[in-house]
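Scroll down for the structure; my scribbles are underneath it.
Residue numbers begin at 1 in each chain, while the letters A, B, ... track the order of the sequences. Hydrogens, waters and symmetry mates are skipped; everything else that's a heavy atom, side chains included, is used.
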Protein chains: 2
Amino acid sequence: MSNPISHGANMLGQNRDDVRQHNLSALLRMIHQAGTLSRSQLTASSGLNRSTISDLVTELQELGLVFETEASAAGVGRPSLQVSASDQVVAFSVNTDVDAVTVGVVTLAGEVIAKRREPTNQPTAEKAAAIAAKVIASLRAELKPGTRIVGIGVAVPGQVRVADGVIRLAPHLGWVEVPFGPMLSQLTGLPVFCDNDASLGCVAEIIYGNAKGFSDVVFLFAGSGGIGGGVVINGLQLRGTAGYAGELGHVRIASSKEKDYSGLEGTLESLVRRNDFLETFKLFAATDEELLLEISRSNNAKAQKLIENQTDSLAAALGTFVNIFNPQVIILGGFITGLFAKEQQRLLAGLKYNSLAAANERVLIRESGLGSNMLMIGAAELPFNELITRPSTTALVSAKVKAPKA
Amino acid sequence: MSNPISHGANMLGQNRDDVRQHNLSALLRMIHQAGTLSRSQLTASSGLNRSTISDLVTELQELGLVFETEASAAGVGRPSLQVSASDQVVAFSVNTDVDAVTVGVVTLAGEVIAKRREPTNQPTAEKAAAIAAKVIASLRAELKPGTRIVGIGVAVPGQVRVADGVIRLAPHLGWVEVPFGPMLSQLTGLPVFCDNDASLGCVAEIIYGNAKGFSDVVFLFAGSGGIGGGVVINGLQLRGTAGYAGELGHVRIASSKEKDYSGLEGTLESLVRRNDFLETFKLFAATDEELLLEISRSNNAKAQKLIENQTDSLAAALGTFVNIFNPQVIILGGFITGLFAKEQQRLLAGLKYNSLAAANERVLIRESGLGSNMLMIGAAELPFNELITRPSTTALVSAKVKAPKA
DNA sequence: CCAGTATGTTGTCACAGGCAACAAAACCCT
DNA sequence: AGGGTTTTGTTGCCTGTGACAACATACTGG
């Protein structure tokens with residue numbers, strides 16, 4: 001089944017150069033997502049001719065984006081050359097959270113080769129940018145010679161205007177209308193791309209995690225900062241007009257007057273709350289692991305009641321998402337995986353109860369599969385995506401060149 | 001800002017033929033949506049060379065899909081040839097509803113040149129297909145000689161598996177798991193494409209109606225058969241894995257135990273109900289026009305209370321949609337346009353109250369602009385889209401050849 | 001060691017769109 | 001009215017990309 005309207009970019013005509021770019025891009029994307037692929041696999045899944053693949057791979061190699069290795073012979077016929085994404089091409093990831101700024105280095109092959117967590121306390125945007133820039137400079141100095149940098153991807157818990165990297169509102173951080181992207185770019189001299197954290201988590205899960213290979217995915221992450229959502233439809237990230245789409249935590253599901261962190265009533269985020277568990281378990285603070293453990297072995301009536309109530313609320317929201325998106329898989333992250341683990345039957349029954357049979361009959365519910373690297377990988381996809389979209393024209397920055405001072 | 005992941009079809013390589021197809025397709029789509037465009041306009045908005053446009057237009061002309069006329073000179077310089085979509089190329093539209101089967105003939109230029117409404121009462125799928133086939137045969141006989149038929153598009157009030165034209169559930173019609181598409185195809189000998197009615201309404205509004213030119217649109221239609229929704233994101237129709245996405249009427253917004261026509265609790269459809277108005281106004285049955293009139297001039301307290309309650313429910317749902325989709329425009333159709341007209345301030349305030357500022361600050365609310373032809377136009381887009389996607393390989397059927405008997 | 005199979009390489013070819021030069025058809029100004 | 005200006009259509013040539021076929025290469029298996 002083909003698709004419909006087709007506006008915007010698709011409206012444009014295409015010339016020969018576009019074809020070359022498209023094919024280079026398609027190959028690089030496959031290699032990036034798989035890490036390593038043989039030339040024959042590339043030939044098969046691209047539909048292009050062997051000779052064309054040869055030519056394109058050579059060009060990618062000359063661009064320093066991939067390298068070839070002899071095959072570890074394993075079948076009939078001449079063994080095919082293995083094409084791998086270069087680990088000399090890296091992106092920085094930044095995650096600004098309430099309690100820390102985390103910076104990572106991710107290779108084009110999708111591997112997190114360094115990660116540094118710098119604790120802080122509800123930093124201002126200026127402070128967070130300064131911390132990030134300092135850690136990036138330090139990590140940059142440690143990169144192997146010859147390494148080239150694509151850029152910086154930033155995952156922010158809040159509403160991000162993707163086009164220019166302005167954080168419209170990050171309630172927990174207290175950021176309102178701050179141009180974090182430009183700030184960090186000025187401090188580092190590198191291109192910076194920002195997006196919502198949960199949206200990036202969704203992307204990461206699709207490329208390397210438990211939603212691998214799926215094209216229609218709903219992602220829900222519940223942390224100390226509320227509930228964030230990410231959606232991918234038909235292989236495309238849902239961003240909306242300005243990048244504020246996918247705020248699944250702020251979906252209204254009940255008539256309750258409870259308000260969420262953004263001040264909206266009766267929303268998923270207002271009803272499924274990490275703090276309720278902390279109170280019930282009399283924990284002042286807890287890591288997700290500790291909280292999940294508590295949930296799994298809780299046995300008093302009060303805790304059970306809380307678990308059931310929150311499970312029901314979660315089920316109602318998931319039902320709504322299924323009706324709206326008809327996804328193949330829903331990925332859960334954060335403490336709500338505890339609800340899924342403990343009350344799976346109840347959750348699935350509730351989901352069925354709150355959604356249309358046709359839409360829910362094949363949907364899978366899974367836990368997030370990437371753990372603490374998820375946001376690093378997801379954020380790195382932002383600069384990598386720029387590179388992959390335009391492999392031969394995107395400029396890379398040498399690791400060893402000093403960043404210009406602002 | 002470029003987009004993200006890119007799966008599926010985009011993964012494939014591209015060869016020269018694909019370029020030609022893409023460009024033919026892009027031109028034909030522009031001409032189809034605009035009706036008539038000059039060659040120079042095509043050159044400008046496609047970015048292709050004059051000589052290329054000339055070549056492509058010639059090919060489309062040879063395919064009989066467009067024709068050229070001399071310009072009505074109106075500026076400096078040599079007047080550009082006008083390229084128009086052929087009115088000799090048509091599609092049939094079918095809308096199966098509870099009280100009637102409506103069949104239309106739509107030209108590639110987007111004009112409804114015939115429409116016939118065949119009253120019936122909750123027909124079975126077999127009966128509806130038979131009625132549709134009969135009317136199509138009769139309309140087909142009246143087509144001008146030389147007219148060619150692309151196929152049939154069907155708009156169904158229910159959940160449609162787009163891939164094979166099976167209606168999974170149409171509650172009001174009482175259809176469950178019926179292969180309406182194949183049935184109608186067998187009776188007519190024409191290719192048949194089915195989709196949900198509201199989704200097609202959304203497409204129609206984007207191409208020819210009040211959402212013209214927008215790429216991120218939410219469409220909500222409230223009729224006697226409940227509330228249907230259609231969503232277009234980034235110029236692409238939201239369909240989900242199997243085509244069941246976009247069921248916006250079944251979004252849960254309240255804790256109420258009221259059930260909607262599909263048995264779900266607390267949903268938009270269960271709270272915003274046409275029948276409540278008919279009861280309050282003591283109408284046994286009414287056209288949308290009559291009902292809208294009643295709403296606009298209602299002045300008793302009970303009716304006002306109902307209007308306000310339903311407006312609040314609608315606002316809550318719209319807030320949820322804004323948080324999820326961050327659309328540029330929301331189009332309302334059916335009797336809820338009455339709520340918008342009468343209680344616009346209340347609706348907008350409620351929408352603001354129930355959504356994030358960043359997402360709602362620029363969203364437009366508009367009424368549907370196509371009236372009774374909306375579904376005819378939208379349904380015809382299904383076969384037209386096939387033609388437009390593959391202009392040089394899609395087979396057209398001559399109007400005058402007898403349809404083969406099953 | 002040879003047949004069989006799968007893959008990489010090379011040179012040729014077809015074909016799409018770009019480009020430049022020219023022709024054509026309008027407007028504008030004197 | 002007529003030449004200058006502007007815009008557009010047409011034509012022929014060129015470039016570059018991927019397809020294709022033929023050949024070379026590298027492995028398995030008997």
Show your reasoning for whether side chain to side chain contact (heavy atoms under 4.5 Å, CB included) applies to A/V112 and A/V105. CA-CA 6 Å; A/V112 180; A/V105 181; over 6 Å; no

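- The distance between atom CZ of A/R20 and atom P of D/dA19, rounded to the nearest whole Å, is 11 Å.
- Put simply, CG on B/L48 is 20 Å from P on C/dC15, counting in whole angstrom units.
- Distance from the side chain of A/R39 is smallest to C/dT9 among C/dT9, D/dA26, C/dT7.
- Positionally, the nearest nucleotide of DNA chain C for B/D55 lies more toward the 5' end than for the other of B/G77 and B/D55.
- Closest approach to the A/R78 side chain among D/dT25, C/dG17, C/dG18 is made by D/dT25 (side chain taken as heavy atoms from C-beta onward).
- Side-chain proximity of B/V76 to the nucleotides C/dC19, D/dA19, D/dT6 is greatest for D/dT6.
- Atoms CD1 and CZ, on B/I233 and B/R239 in that order, are 13.0 Å from each other to the nearest 0.5 Å.
- From B/T36, atom OG1 reaches atom CZ of B/F67 across 6.5 Å, with rounding to the nearest 0.5 Å.
- Nucleic acid contact class of A/T43 (heavy atoms, under 4.0 Å, all strands): none.
- For the pair B/Q21 CD and C/dG17 C1', the interatomic distance rounds to 15 Å; values are reported in whole Å.
- Here the C1' atom of nucleotide C/dG8 and the CD atom of A/E68 are 10 Å apart, to the nearest Å.
- In terms of phosphate contacts, A/S40 brings no side-chain nitrogen or oxygen within less than 4.0 Å of OP1 or OP2 of C/dA6.
- Side-chain proximity of B/S54 to D/dT10, D/dA19, C/dG17: nearest is D/dT10.
- The distance from atom CD of A/Q82 to atom P of C/dG8 is 9 Å, rounded to the nearest whole Å.
- Nucleic acid contact for B/S38: none, since no nucleic acid atom lies under 4.0 Å from a heavy atom of the residue.
- Closest contact between the side chain of B/T52 and the listed nucleotides C/dG8, D/dG9, C/dG18 involves C/dG18.
- Nucleic acid contact for B/I53: none, since no nucleic acid atom lies under 4.0 Å from a heavy atom of the residue.
- Candidate nucleotides C/dA26, D/dG18, D/dG9 were compared by shortest atom distance to the side chain of A/L56, and D/dG18 ranks first.
- Rounding to the nearest 0.5 angstrom, the gap separating the CG atom in A/L108 from the CG atom in A/L28 is 5.5 Å.
- For the pair B/L42 CG and D/dT7 C1', the interatomic distance rounds to 16 Å; values are reported in whole Å.
- Nearest nucleotide to the side chain of A/R50, out of D/dA19, C/dT9, C/dC19: C/dT9.
- Taking atom CG of B/D18 as the reference point, atom P of D/dG16 lies 21 Å away to the nearest angstrom.
- Closest to the side chain of B/S51, out of C/dA26, C/dC19, D/dA19, is C/dC19.
- Of the side-chain N and O atoms in B/N23, one or more sit less than 4.0 angstrom from OP1 or OP2 of C/dG17.
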Can you check side chain to side chain contact (heavy atoms under 4.5 Å, CB included) on B/L370 and B/Y208, steps first, answer last? CA-CA 8 Å; B/L370 291 172; B/Y208 301 109; 4.1 Å; yes

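- Between the P atom of D/dT8 and the CG atom of B/L37 lies a distance of 14 Å, rounded to the nearest Å.
- You'll find that the side chain of A/V19 is closest to D/dG18, out of C/dG17, D/dT8, D/dG18.
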Begin with the C-alpha distance, continue with both residues' side-chain angles, and end with the deciding distance and a verdict on side chain to side chain contact (heavy atoms under 4.5 Å, CB included) for B/L65 and B/S86. CA-CA 5 Å; B/L65 303 176; B/S86 169; 5.6 Å; no

